[in-house]
Amino acid sequence: MTRALHTVRPDDPLAHALRLTRAHRVRHLPVVGEDGKLVGIVSDRDIRLAMPSPLTVADPDRVDYLERTPVSAIMTSEVITCSGADPIEDAAKLLYRHRIGALPVTDASGTLQGILSETDLLYAMVQILGGTEPASRLEVALPDRPGELARAVSLVAKHSVNIVSVLVSPVRVQGDKTVIFHLGTIDPREVVGALEAEGFRVGWPSLEEDVRAFLSR
Amino acid sequence: MKSALIWDPMVLGYRFSLDHPFNPRRVEMAVSLIEALGLLEAPDVGVVAPRSATDEELLRVHSPEYLAAVKRLGEEGADTRDAWRWGLGTDDTPVFPGMHEATAAVVGGTLRAAEVVMSGEATRAFNVAGGLHHAHRDKASGFCVYDDLAAAIAWIRAEYGGRVMYIDYDAHHGDGVQGIFYDDPNVLTLSIHESGRYLFPGTGFVDELGEGDGYGYSLNLPLDPSTEDDSWIDVYSRLLPEVAESFRPDVIVLQNGCDGHTLDPLTHLRATTRLYEETVRITCEVADRVCGGRVVATGGGGYAIWRVVPRAWTLVWAGLSGQKAPDRIPHAWLDRWQGESPELLPERLRDESGAYPPVPRRAEVEAINLRTLESLRRQAFPLLRGWGMGF
């Protein structure tokens, strides 16, 4: 989440909110009361919907419309939020289910602590999927029954190769799950050989089917 | 002397263990094949011995703590319990006695190569034993303890200033060199490798463009794992001239890892010996045009040590020194090495066309590589044009 927040008060004019979104290149502004509690949220899209169309002739009565209208007139008051202690997969589900672009993060009293944007979440996912240490990537097909992952992991451990990350994809290929290991070695040949000797199907660079699925997507 | 081969048996001390894939035998075999083919006889080529790198030279690219750790861990009977903190003591990069001295000699070889080229004593130089591109500022990785390439680049910058273009076509991403110069606009790194989606070290994607002042000076072209000569040479010959003419380097540093060959056991790329001839030819042509022909070259990866490495690096040397290498490998050389080799040594220097079965999805692979090239151009070329305008 982002802690350096750009926020507005309910009685701030829309013009001020618009300037903030443009100056800081943000799409969502939490609306906060004097006590620091979250009372609403306003997006750059909400503000633009409230603006006159650039195609209409300027109406002298409306020139200062954005200066006269307070944020509270257009903000969303029923805000979907999360807490700083929520796992990121829960936050991701909330964004996805409600088709929204950001989640204000509040504590138990409703005081605003930060905001989690789609971009923040995407970055977290990139880190989880990519890993940050030098590694070789193996795909292993796992029969969907208890103990198979442990069996594969213990074979890797026997070769004293460090596991940088493990990702188990629930997508089945020919009835099997796929596990993706990032291993801290430039030379995974012995591990590949050991896994294959124990009956695992191993993809290095990739299980052929997965390459196909990826390309035809 | 126009071309210098940096060689002395002292570099053979860079050896982890008897059965480790990074086997110095490959360097010895390559030099002996170069010699057997008469490629050290021309009046304008010579052999130059490496020297040892000084601490000052190593400290330009490595932290003092790391240097001290490598020295200590290489002593007889050293306590190696904390070796993992420095990326050492792993199966890939085990601790070995005299590790500091052996690696400093490899670094010194690449420094010698840079010295003879920058002083004008030679136009091109080739340190066959060099190319340790995975070593980071304070961490060993992927068979590499010190980063000879980075040390030579930093030496050039310190002694001569100017702009250095680093080109790396080892099958693995040149992550160490890229990382050390990630924020430096005077050193452009260009790495072409099997995509990190599949292969160690898992980096080298198009979006790694550098940071700070160095933004736009790190370029990566990750290839599909099944890439063959034609597609590889095609994307390289489209990309290199454009980049070099915009950056206008004063010298090119070229890492010639030959593990992208189809017989290499550690990667999935499908090159033949033609790739090495063509890459060196294209690079030297560009160097002649933009930087007075100056090329500092090293070896690198290459784990098909019997059937590929000696031939690939012989072709690299022939290309750098502008000599036509005869295709037939002398019987005396084959007799000398066949006894040790578990595989039948090829009798010709160049792979015959059609020697290896074509990849069934060739068209698809070519399309993927072209799309990657396009993506790199879209992201990097607005920055490339910036250089041309003197930003």
Heavy atoms only, distances under 4.5 angstrom: which of A:S160, A:G184, A:A135 has the most pairs with chain B? Name it, please.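 Heavy-atom pairs under 4.5 Å are most numerous for A:A135.
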- Message: Quick check for you: among A:P188, A:S136, A:P134, A:P205, which has the greatest number of heavy-atom pairs under 4.5 Å with chain B?
- Response: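 That would be A:P205.
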(Q) Please confirm whether the ring centroid of B:F200 lies under 6.0 Å from the ring centroid of B:F143. (A)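 Judged by ring-centre distance (under 6.0 Å), B:F200 and B:F143 do not meet the cut-off.
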In terms of heavy-atom pairs under 4.5 Å with chain A, the winner among B:H172, B:K139, B:E194 is B:H172
### Atom pair OG1 (B:T298) and CG (B:N256), whose distance is rounded to the nearest 0.5 Å
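Nearest 0.5 Å value for the OG1-CG distance: 6.0 Å.
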* To do: Give a yes-or-no answer on whether the side chains of B:S231 and B:E366 include a donor-acceptor pair shorter than 3.5 Å.
  =>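 No, no side-chain donor-acceptor contact under 3.5 Å.
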> Are A:H159 and B:D91 linked by a side-chain donor-acceptor pair shorter than 3.5 Å?
Replying inline: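 Side chains of A:H159 and B:D91: no pair found under 3.5 Å.
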If one checks every heavy atom of B:T203 against chain A at 4.5 Å, the contacting part turns out to be neither
